[in-house]
Amino acid sequence: EQVEETYIMVKPDAVQRGLVGEIISRFEKKGFKLTGLKLFECPKELAEEHYKDLKSKSFFPKLIDYITSGPVVCMAWEGVGVVASARKLIGSTDPLQADPGTIRGDLAVQTGRNVVHGSDSPENGKREIALWFKEGELCQWTPAQAPWLRE
Ligand code: DAT
Ligand code: MG
């Protein structure tokens, strides 16, 4: 059982819509460990680096405009299986296809305003956390509830 890290980001639409607490609470209540958290205005170059695999897509310029259109909330979460589990909590890329009960399924209606990001692999989790957080911005700690979450 490998402890993984994932980068979760509340996108600008969700910050503007007052959904920050709602979105953070989904991961918090599930039982994952928060190791990094900040409100942040994303520079264009960072957005482009984060989404570099999508550079050739027609929607890339709009995606960069969207992500840099206002503050985002950057988070690092840790736990066994956190990468795939967070993707399930988030739901499908297109919120109209996302299952009810997921963040996108409950809170969004369009791919271009899909309220939250989550890393798609443990490797990308590490890459993205290193990209969005500086050294000293992450906390290593043991939540008091740890023995009540895993035997
Ligand atoms: P996800 O965010 O579910 O990992 P992705 O990595 O394929 O999805 O794409 C990153 C973001 O780019 C996605 O959250 C919203 C945007 N995007 C993806 N496909 C799109 C499309 N066909 N039209 C417009 N925006 C799109
Ligand atoms: Mg993705």
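Numbering of ligands and ligand atoms starts at 1, following listing order.
Protein residues are said to neighbour a ligand when one of their heavy atoms lies under 4.0 Å from it; for ligand 1 these are K11, Y51, L54, F59, L63, R87, T93, R104, T111, N114.
A side-chain donor-acceptor contact under 3.5 Å links S119 and E128.
Taking the ring axis of Y66 as reference, the NZ or CZ atom of K11 does not stay both within 45° of it and closer than 6.0 Å to the ring centre.
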Checklist entry - Do E4 and K126 pass the salt bridge (Lys or Arg N to Asp or Glu O under 4.0 Å) test, and can you show the C-alpha distance, the side-chain angles, and the key distance before you say yes or no? => result CA-CA 9 Å; E4 301 170 351; K126 281 197 192 313; over 6 Å; no
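Pairs engaging residues 16-41 under the ring-ring contact (aromatic ring centres under 6.0 Å, His included) rule: F27-W77 [sequence neighbours left out].
Once rounded to the nearest 0.5 Å, the distance linking CD of E123 with CD of E5 reads 11.5 Å.
H50 and Y7 have perpendicular rings, their planes meeting at more than 60° on a 0 to 90° scale where under 30° would count as parallel.
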